[in-house]
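Chain A is the first sequence line, chain B the second, and so forth, proteins listed ahead of strands; every chain is numbered from 1.
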Protein chains: 2
Amino acid sequence: MSLPHALLGLLAAAPATGYELAREFESDLGRYAWQAGHASIYPELAKLAARDLVRVVDQGPRGSKTYDITEQGRAELRSWLLHRSGDGVVRNEGVLRMFLIPTLDPDDQRSVLTAIAEETAAAEAELRERLKGGTDPRCSPRAELGLLAGRFGLGQYRATHEWATRALEELDARVADSRRPN
Amino acid sequence: MSLPHALLGLLAAAPATGYELAREFESDLGRYAWQAGHASIYPELAKLAARDLVRVVDQGPRGSKTYDITEQGRAELRSWLLHRSGDGVVRNEGVLRMFLIPTLDPDDQRSVLTAIAEETAAAEAELRERLKGGTDPRCSPRAELGLLAGRFGLGQYRATHEWATRALEELDARVADSRRPN
DNA sequence: TACGACATGTAAGAGGTTACATGATTCG
DNA sequence: CGAATCATGTAACCTCTTACATGTCGTA
């Protein structure tokens, strides 16, 4: 039930069409926070418009509708951001995998942990590169969302990398230990 | 579509009733990785049993059914853990909030970031305490899942805390800057 | 003029939550 | 004996995904 707030948030940064919002969900936003396809976005925009939280401010030549957030919408968004009751829904397939790693035998564990360590290192490097590029002073209104979020992603990647590395070390130590049981 | 694998993973650590599995989802597992209520667990266990991935190994006095994973189930779980195609679904309300913080005015931003910094510090401390207790050598089969997962959580909390702290510092710097515009 | 990007929508179905419904056992 | 906990299940509803369906505009 966070989709409406995700949309309000994006529109609070800048007006956009449903199509543009859908692409937004394909980048960082959908990567760490919330995913949504156009098939859920268009109906949700219509619902938000019916509740006067957003409003069509322009119609393009291809039948595109540009939405903007209203004052009520801004109030709703603010209230949602300030009155955070717990952390709500969490559903992360990658983290679930990490939980279940100990059910594998040591060789398989090593294989999965190595893959995680490599992937997080690569992802961190790539993201760092991307952030370096986009920090010019006259950045788009949505770029600030991306900057804060991107740095959050950086920290998560790094933490995950360190976790996997440490788990690998302990795994090796334990195997070495069991091979020398005298 | 990760619920079946979450259940397989828990059963791979130790046999359990649906009721016990439901409680498992209320702790660390549901906190960071995947949530599920009994109303989705019971039907899913029945489906897994129909596919011979799990099996009823005991019936308790109150009509409880203890499930265990089968060889096929173990193979399915292993294959899912090893052939990780991307990171799949991510849906995290807390992270979404973090993304949208820049849409608030500076005072509200400070308020939200301060709350995040405090909560993550408290959560990290509490989790650290909890992990310290449960690390005895003859731990339950499920405790190892919890240990690795718990350390993952520790890293995430700390990374989030540092992120929020840095964001607060920059926010203060920017406000101080704009108040001295000569 | 054909292809790719832009742009919006609906329908069917999967997956999950909330609420409803039931009953056994244990403990104070 | 009453309340809390254990224990399972179904039904209605909501949300989101996948697939289907349509049409415009720019450009090579």
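How far CZ of B:Arg97 is from CH2 of A:Trp34: 10.0 Å, rounded to the nearest 0.5 Å.
For the residue pair A:His5 and A:Leu77, the shortest heavy atom distance occurs at O-CD1, 3.8 Å. For the residue pair B:His38 and B:Ala22, the shortest heavy atom distance occurs at CB-CB, 4.2 Å. Here the shortest heavy-atom pairing between B:Met98 and A:Leu148 reads O-CD2, 4.1 Å.
Put simply, the side chain of B:Gln109 gets close to the backbone of B:Leu104: a donor and an acceptor are under 3.5 Å apart.
Between B:Arg23 and D:dC6, a side-chain N or O to OP1/OP2 separation shorter than 4.0 Å is present. For the OP1/OP2 pair of C:dC6 and a distance below 4.0 Å, the side-chain nitrogens and oxygens of A:Tyr19 include at least one atom meeting the criterion. Contact annotation: B:Arg91 reaches the phosphate of D:dT17 (side-chain N/O to OP1 or OP2, under 4.0 Å). The phosphate of D:dT8 (OP1 or OP2) has a side-chain N or O of B:Tyr42 nearer than 4.0 angstrom.
When rounded to the nearest whole Å, the span between CG of B:Leu45 and P of C:dG15 equals 15 Å. Between the CG atom of B:Leu7 and the C1' atom of C:dG16 there is a distance of 13 Å, given to the nearest Å. To the nearest angstrom, P of C:dG16 lies 6 Å from CH2 of B:Trp34. In this structure, A:Glu20 places its CD atom 9 Å from P of C:dC6, rounding to the nearest Å. What separates NZ of A:Lys47 from P of C:dT8 is a distance of 18 Å, to the nearest Å. In this entry the distance linking NZ of B:Lys65 with C1' of C:dG23 reads 15 Å, nearest Å. In this structure, A:His5 places its NE2 atom 12 Å from P of D:dC16, rounding to the nearest Å. Atom-to-atom, NE2 of B:His38 to P of D:dG9 comes out at 10 Å; the value is rounded to the nearest Å.
Picking from C:dT8, D:dC16, D:dT8 the nucleotide with the shortest atom distance to the side chain of A:Thr17 gives C:dT8.
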Distances for protein N or O near nucleotides 23-26 of chain D N or O, under 3.5 Å:
| residue | atom | partner | partner atom | Å |
| --- | --- | --- | --- | --- |
| D:dC25 | OP1 | A:Pro61 | O | 3.0 |
| D:dC25 | O4' | A:Arg62 | NE | 3.2 |

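Among the heavy atoms of the strands lying under 4.0 Å from B:Ser64 are primed sugar atoms or P, OP1, OP2 only; no base atom is included.
Applying the 6.0 Å contact sphere to CZ of A:Arg110 captures more than 12 heavy atoms from other residues, nucleotides or ligands. No more than 12 heavy atoms of other residues, nucleotides or ligands shown are found within 6.0 angstrom of CZ on B:Arg158.
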